[in-house]
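Worth knowing before you read on, the calculation uses all heavy atoms, side chains too, and leaves out hydrogens, waters and symmetry mates. The model shown is predicted, which means the values in this text are computed figures rather than measured ones. For ligands, and for the atoms within them, numbers begin at 1 and follow the listed sequence.
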Amino acid sequence: MTKPVILLYEAMHPLALDELRHLAEVRTAESLDEEDLVRAVVDVQGIIIRANGVVSRRIMEAAPKLKVVARHGTGVEAIDRKAAQELGIVVVNTPEANVESVAEQCLAFMLSLSKRVREADKAIRAGDWGARYRLIGSELYGKTLGLIGFGRIGQRVAEMAHVAFAMQVVYYDLVSYPDAEEKLKARAVPLEDLLAISDYVSVHVPLLPSTRAMINTQMLETMKPSAYLINTSRGPVVDQGALVKALEKGLIAGAGLDVFEPEPLPADHPLYQLENVILSPHMAGHTDEALYRMAQVYKDVIAVIEGRDPVYPVL
Ligand code: NAD
């Protein structure tokens, strides 16, 4: 039997790639230009896309054998889902693959900010041993953690913080999660209350029209001056200009940011000048384990091609 042809927009975890090669003929796109992709998809049955490139209607219409488009990761903004639906093409993703990694990154930011790890490392490298008297940190123990968005990642962060550091968890979400509330002694509160009482505020909502710039000047002004903001969700959920002003004025104590608007963050951006900020280049979900789990999206690709139901369809 001839193997199905699967086009990868970008390379994926080598172990998963080896697994997939047993089941399919795997090609990697030479370019992510629409024109080149239109030519590259003519005989493919499955496409796997990561963070870059788009799967437009034109590309899908140029692929008469295409049955499934997979997002290695979560966000499916780059896939024209309406066109996929009209063309009978299934869209799948990996909503659970990087939950653990992103939650750990959030805790890494909280610990680094509270222990002033970045500033301490910089000081000792500059010969400033006296920093030990100046860079006084704080404990997470018993502090209040406010989670904006209490889905998969938010709840995992809550569990880590509650179990390991006895943090009091409050959350704001459109949905209420009574089981998690009971298990984690978490409390649902209005957004403004959450901002006013939390020592750490961590954002875990998806980017939607309703969440764009959800954290704006007014919200930042509601936070305690001693509080830290963590954003590992999507850059535009926080009004970045307002955040820079809040950090410069000392309205909040600091921030840990994995996501920005735009990405990459321009080289001259004022965030780079701020001492009370820790930055990472949208890599919270990029651990070896999560990359392998995300690459397992190929199993749903094969399932759809073979006429079986995928585990993670995007509905
Ligand atoms: P999820 O869908 O499980 O949870 C999202 C929660 O947000 C849900 O409970 C939902 O009800 C809530 N929500 C949606 N709109 C809201 C609104 N307007 N107000 C309040 N709550 C609202 O998603 P998840 O798996 O926990 O992931 C959260 C986000 O993390 C993703 O959408 C993605 O943007 C981001 N993410 C980032 C990385 C990274 O590498 N930095 C990796 C994975 C995911």
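- Within the 3.5 Å criterion, the main-chain N or O of Leu315 finds a donor-acceptor partner in the side chain of Arg81.
- Residue-ligand proximity, Thr232 to ligand 1, at heavy-atom distances under 4.0 Å covers atoms 35 (C), 36 (N), 37 (C), 38 (C), 39 (C), 41 (N).
- Contact annotation: for Gln105 versus ligand 1, there are no heavy atoms closer than 4.0 Å.
- The pair Arg118-Glu275 counts as a salt bridge, with a side-chain nitrogen and a carboxylate oxygen less than 4.0 angstrom apart.
- Residue Tyr177 approaches ligand 1 through these ligand atoms, each under 4.0 Å from one of its heavy atoms: 8 (C), 9 (O).
- Residue contacts with ligand 1 for Met214 involve side-chain atoms from C-beta outward but no N, CA, C or O (heavy atoms, distance under 4.0 Å).
- Nearest non-hydrogen protein atom to atom 3 (O) of ligand 1 is Arg152 N, 2.9 Å.
- Using the six-membered ring where Trp is involved, Phe150 and Tyr171 have ring planes that are parallel, under 30° apart on the 30 and 60° scheme.
- Interface atoms of ligand 1 facing Thr211, defined by a heavy-atom separation under 4.0 Å, are 15 (N), 16 (C), 17 (C), 18 (N).
- Among all protein heavy atoms, the one lying closest to atom 42 (C) of ligand 1 is Val102 CG2, 3.3 Å.
- The proximity of Asn98 to ligand 1, defined as any non-hydrogen pair under 4.0 Å, is limited to the side chain.
- Between the side chains of Tyr292 and Gln296, at least one donor N or O lies within less than 3.5 Å of an accepting N or O.
- Judged by distance alone, with hydrogens and angles left aside, the side-chain atoms of Asp258 form a donor-acceptor pair with the main-chain N or O of Ala284 at under 3.5 Å.
- The single protein non-hydrogen atom nearest to atom 40 (O) of ligand 1 is Gly285 N, 3.2 Å, given as residue, atom name and distance.
- Interface of Val175 with ligand 1, defined as ligand atoms under 4.0 Å from a residue heavy atom, comprises 11 (O).
- Closest of all the heavy-atom pairs between Met12 and Leu20 is CE-CD2, 3.7 Å.
- Taking atom 26 (O) of ligand 1 as the reference point, the nearest protein heavy-atom neighbour is Ile153 N, 2.8 Å.
- By the 4.0 Å N-to-carboxylate-O rule, Glu263 lies too far from Arg234 to be salt-bridged with it.
- With sequence neighbours excluded, no residue satisfies salt bridge (charged side-chain N to carboxylate O under 4.0 Å, His left out) with Glu192.
- Looking at atom 5 (C) of ligand 1, its nearest protein heavy atom turns out to be His204 O, 3.6 Å.
- No hydrogens or angles considered: nothing links the side chains of His72 and Glu10 as a donor-acceptor pair under 3.5 Å.
- From the protein, the heavy atom lying nearest to atom 22 (C) of ligand 1 is Val205 CG1, 3.5 Å.
- Counting atoms of ligand 1 from 1 in the listed order, those under 4.0 Å from a heavy atom of Ser210 are 18 (N).
- The ligand atoms of ligand 1 that sit less than 4.0 angstrom from a heavy atom of Gly151 are 3 (O), 4 (O), 6 (C), 9 (O), 26 (O).
- The distance from atom CG of Asp199 to atom OG of Ser114, rounded to the nearest 0.5 Å, is 11.0 Å.
- Of the candidates Ala103, Pro206, Gly154, Ser233, the one placing a heavy atom closest to atom 35 (C) of ligand 1 is Ser233.
- For Lys245 and Asp239, the salt-bridge test fails: no basic side-chain N is under 4.0 Å from an acidic carboxylate O.
- For atom 34 (O) of ligand 1, the closest non-hydrogen atom of the protein is Arg234 CG, 3.3 Å.
- Counting atoms of ligand 1 from 1 in the listed order, those under 4.0 Å from a heavy atom of Leu208 are 15 (N).
- Shown in contact with His282 at under 4.0 Å from a heavy atom are these atoms of ligand 1, numbered in order with element: 39 (C), 40 (O), 41 (N).
- With a 4.0 Å cut-off on non-hydrogen atoms, Ile148 does not touch ligand 1 at all.
- Under the 4.5 Å side-chain contact rule for hydrophobic residues, Leu207 and Leu191 share a cluster.
- Partners of Arg50 under the side-chain hydrogen bond (donor to acceptor under 3.5 Å, both in side chains) rule, at least two apart in sequence or in another chain, do not exist in this structure.
- Comparing Thr74, Asp173, Asp258, Leu207 by heavy-atom distance to atom 11 (O) of ligand 1, the nearest is Asp173.
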